[in-house]
Amino acid sequence: MQIFGFPTSPYVRKVLVIAAEKGVEAELVEATPHKPTPEFLAASPFRMMPAMQDGDFTLPDSTAIAFYLDAKYPDPPLLPEEPQARGRAMWMDEFADTILSNSARAIAFNRTIGPSLLGLAKNEDAAAEAETAVTPALDWLEEQVPEQGWLVSDYSLADIAVASCIKTMTYGLDITFITSRPRTFAWLERVFQRPAWIEVTEKEVAMFKEAIVSRHHRSE
């Protein structure tokens with residue numbers, strides 16, 4: 001199985017964590033919508049990231065891939081069976097993908113990823129605008145997070161999707177944006193201590209550092 005994308009993307013990270021939680025070997029193949037490879041375009045004709053190739057089957061979009069992986073590898077399940085819990089998990093995935101992610105990408109790209117990987121100037125105005133825009137959503141999340149346990153019954157897609165967006169924000173926000181929300185901070189600690197998250201994060205850090213070194217070498 002190959003996953004096309006770059007690991008700082010919340011969508012790519014979401015899929016990689018799901019695969020790791022299920023013990024599925026998934027090779028991350030670097031690709032972006034701005035620099036698509038033929039293989040990436042074959043799997044994602046509209047340049048949605050990530051995309052997956054599993055044998056001769058291809059599929060774009062993180063949520064579609066998440067549902068595919070949960071159906072093909074049902075143990076451990078990451079979608080609750082109980083109707084209300086399943087609906088809630090799917091809503092939290094949508095909350096992450098459509099409400100948190102735009103701000104997460106803008107914050108990270110304009111403060112860290114663009115300058116570090118592409119040599120772009122920091123755009124503090126754009127990052128600050130995104131930070132302001134996402135504040136009500138983070139405040140709402142703080143009210144939803146339980147003091148113990150997970151966002152929806154057992155650990156699920158909900159936790160993975162939301163935590164993936166916040167992880168991307170950490171590329172451009174001071175840690176106080178999390179620590180000032182104690183329930184969210186404690187929940188994130190529980191999420192990030194899971195073996196699958198540790199595995200994916202270690203690979204992400206290594207790939208990010210390698211990309212920075214590669215850019216410096218090209219610019220010399």
Side-chain angles (χ1 to χ4, degrees), residues 1-44 47-54 58-62 65-66 69 96-97 100-124 126-127 130 160-175 177-178 188-189 191-220:
M1 180 183 296
Q2 292 182 317
I3 304 297
F4 301 98
F6 196 77
T8 57
S9 160
Y11 304 128
V12 174
R13 187 185 299 108
K14 177 170 75 173
V15 168
L16 294 175
V17 169
I18 290 171
E21 290 283 3
K22 292 178 175 294
V24 176
E25 291 289 336
E27 176 191 4
L28 178 59
V29 180
E30 185 175 341
T32 69
H34 307 292
K35 294 183 178 179
T37 62
E39 294 80 9
F40 172 66
L41 289 175
S44 184
R47 304 189 182 199
M48 299 179 71
M49 186 175 74
M52 178 198 71
Q53 181 163 355
D54 187 16
T58 59
L59 189 66
D61 182 71
S62 64
I65 297 169
L69 291 174
D97 285 1
L100 292 182
S101 64
N102 286 338
S103 290
R105 295 198 307 272
I107 291 166
F109 183 84
N110 287 296
R111 285 191 176 136
T112 303
I113 295 173
S116 297
L117 299 186
L118 302 176
L120 301 175
K122 287 186 179 182
N123 188 337
E124 180 56 32
I160 297 171
V162 175
S164 290
C165 282
I166 296 179
K167 180 68 175 175
T168 291
M169 289 181 201
T170 64
Y171 280 89
L173 280 177
D174 186 272
I175 192 65
F177 93 99
I178 303 177
L188 283 170
E189 284 195 316
V191 172
F192 293 159
Q193 287 169 3
R194 293 181 66 86
W197 275 91
I198 294 172
E199 174 188 336
V200 170
T201 299
E202 287 177 349
K203 292 179 180 178
E204 177 178 333
V205 169
M207 193 169 179
F208 186 71
K209 289 181 177 178
E210 183 179 342
I212 293 174
V213 171
S214 177
R215 187 189 76 79
H216 286 317
H217 285 167
R218 291 195 304 269
S219 63
E220 290 176 352

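Computed from a predicted model, the values in this text were never measured in an experiment. Just so you know, residue 1 is the first one in the sequence shown, and it goes up from there. Computed over heavy atoms, backbone and side chain alike; hydrogens, waters and symmetry mates excluded.
Not one N or O on the side chain of Ser44 forms a donor-acceptor pair closer than 3.5 Å with the backbone of Phe40. Side-chain atoms of Thr168 come within 3.5 Å of backbone atoms of Thr8 as a donor-acceptor pair (strictly under, hydrogens ignored).
Pro60 and Ala43 make their closest contact through CD-O, 3.5 Å (heavy atoms, listed as atom of the first residue, atom of the second, distance). For the residue pair Thr58 and Ala42, the shortest heavy atom distance occurs at OG1-O, 4.1 Å. Leu188 and Ile178 make their closest contact through CD1-CG2, 3.6 Å (heavy atoms, listed as atom of the first residue, atom of the second, distance). Gln2 approaches Val29 most closely through the heavy-atom pair NE2-CG2, 3.7 Å. The shortest non-hydrogen separation linking Gly5 to Val12 is CA-CG2, 3.9 Å.
How far OG1 of Thr201 is from CG of Leu16: 10.0 Å, rounded to the nearest 0.5 Å. Taking CZ from Phe109 and OG from Ser9, the interatomic distance works out to 13.0 Å, rounded to the nearest 0.5 Å. Note that CE of Met52 is 6.5 Å distant from CG of Leu69, once rounded to the nearest 0.5 Å.
The aromatic rings of Phe208 and Tyr171 sit perpendicular to each other, their planes meeting at more than 60°, with 30° as the lower class boundary.
Around CD of Glu124, the count of heavy atoms belonging to other residues, nucleotides or ligands within 6.0 Å exceeds 12.
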Glu30/Lys35 under salt bridge (Lys or Arg N to Asp or Glu O under 4.0 Å): CA gap, chis, key distance, verdict = CA-CA 10 Å; Glu30 185 175 341; Lys35 294 183 178 179; over 6 Å; no

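Looking at Glu199, Glu21, Glu189 one by one, the single match for salt bridge (Lys or Arg N to Asp or Glu O under 4.0 Å) with Arg194 turns out to be Glu21.
The closest side-chain heavy-atom distance from Ile113 to Phe6 is not below 4.5 Å.
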